[in-house]
Amino acid sequence: MEILREIAESLGQGEDEKVAALARAALEGGAAARDVLERALIAGMADVGERFRRHEIFLPDVLLAARAMNAGVEVLKPHLAGEGVPSRGKVVIGTIQGDLHDIGKNLVGIMLRGAGFEVIDLGHDVSPERFVDVAERDGAGVVGMSALLTTTMQGMAKVVDLLQRRGLAGKVKTIVGGAPVSGEFAREIGADAHGYDAANAVERVSGLFQAIRNARTS
Ligand code: B1M
């Protein structure tokens with residue numbers, strides 16, 4: 001679809017108002033919100049990342065692209081998230097300590113809320129203690145961590161360890177995700193699940209709550 005390509009290009013140029021207007025037009029023209037997200041916004045951002053890696057563009061350009069991405073996501077939000085669904089469980093999410101990338105984590109939050117989960121979003125640069133303190137205080141069943149940097153992803157292991165040391169492992173399950181994070185890494189650090197994108201995160205979180213319910217009834 002031509003308009004999806006146009007959205008991706010406008011995102012690459014950091015044109016936030018144009019991205020929002022085109023996203024609205026795409027929805028009005030019958031495009032599915034999921035397609036606009038994946039084939040226009042996420043595809044556009046992947047291209048930005050590639051050009052940044054090749055030093056064709058610089059950090060301020062990436063920031064503008066991130067702002068344009070957020071403008072597009074705002075338009076899609078009501079179409080991605082359902083309203084008024086009873087809570088299926090409480091999930092604490094955040095981007096790991098030292099890491100400021102929050103676009104993917106925000107998408108995971110939107111999709112989880114849309115699927116009926118109660119989401120406590122701690123934002124970015126979240127310490128292991130804060131993840132665990134809030135999960136314990138608010139009785140969350142799942143802690144979801146996002147990392148975009150190879151230098152910060154090890155922080156996820158600290159959260160898993162801290163849950164164990166506080167005797168919460170098993171009661172509070174963990175899911176990890178973000179571009180450099182793999183299923184293999186999740187297994188290595190003892191996380192309960194890995195989500196490769198926001199929709200997959202919803203499936204995995206549903207599975208984790210099912211496992212908690214099964215453990216209670218057995
Ligand atoms: Co930065 N950055 N960045 N950046 N940035 C990357 C990650 C990088 C790969 C770019 C590159 O070099 N090609 C590179 C990391 C290299 C590495 O670690 N090996 C990089 C770098 C180096 C940096 C800085 C160090 C640059 C510098 O200062 N010199 C710096 C670090 C700052 C810090 O965090 N301390 C930095 C800064 C920034 C900005 C602030 C400018 C901006 C972030 C703005 C923001 O988030 N508010 C930014 C951006 C935008 C990017 C890229 C271009 C795009 C990231 C993004 O939003 N993708 C990125 C390149 C890339 O990834 N291609 C890059 C779109 C988003 C929807 O995808 O976050 O992967 P993603 O989320 C997906 C899945 O991963 C998954 O679902 C989402 C939806 O499908 N997912 C989960 C994510 N979290 C999940 C959690 C789950 C489950 C699934 O369960 C809980």
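All residue numbers in this chain count up from 1 along the given sequence. In listed order, ligands and their atoms are each counted from 1.
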Any donor-acceptor pair under 3.5 Å linking the side chain of H194 with the backbone of V181?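 Present.
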
Between D125 and R130, is a salt bridge (Lys or Arg N to Asp or Glu O under 4.0 Å) present by the stated rule, with each step listed? CA-CA 10 Å; D125 193 14; R130 183 143 171 72; over 6 Å; no

Would you please test R24 and E28 for salt bridge (Lys or Arg N to Asp or Glu O under 4.0 Å) and show each step? CA-CA 6 Å; R24 246 177 252 116; E28 280 160 17; over 6 Å; no

Given side-chain hydrogen bond (donor to acceptor under 3.5 Å, both in side chains), test T95 with D102 step by step and report yes or no. CA-CA 6 Å; T95 305; D102 64 358; over 6 Å; no

Audit row: R165, D161, salt bridge (Lys or Arg N to Asp or Glu O under 4.0 Å) steps and yes/no: CA-CA 6 Å; R165 280 192 274 123; D161 285 349; 5.9 Å; no

Give one line per pair: atom of ligand 1, protein atom, distance. Only N/O to N/O under 3.5 Å.
residue, atom, partner, partner atom, Å
ligand 1, 2 (N), H101, NE2, 3.2
ligand 1, 3 (N), H101, NE2, 3.0
ligand 1, 4 (N), H101, NE2, 2.8
ligand 1, 5 (N), H101, NE2, 3.1
ligand 1, 13 (N), G49, O, 3.0
ligand 1, 18 (O), T150, N, 3.0
ligand 1, 18 (O), T150, OG1, 3.3
ligand 1, 19 (N), T150, OG1, 3.4
ligand 1, 34 (O), L100, N, 2.6
ligand 1, 34 (O), H101, ND1, 3.4
ligand 1, 35 (N), G98, O, 3.0
ligand 1, 46 (O), D102, N, 2.8
ligand 1, 46 (O), D102, OD1, 3.3
ligand 1, 47 (N), D102, OD1, 2.7
ligand 1, 75 (O), A179, N, 3.3
ligand 1, 77 (O), A198, N, 3.4
ligand 1, 84 (N), S146, OG, 2.7

Does the pair E74 and K77 meet the rule for a salt bridge (Lys or Arg N to Asp or Glu O under 4.0 Å), with working shown? CA-CA 5 Å; E74 277 305 310; K77 225 183 204 173; 3.1 Å; yes

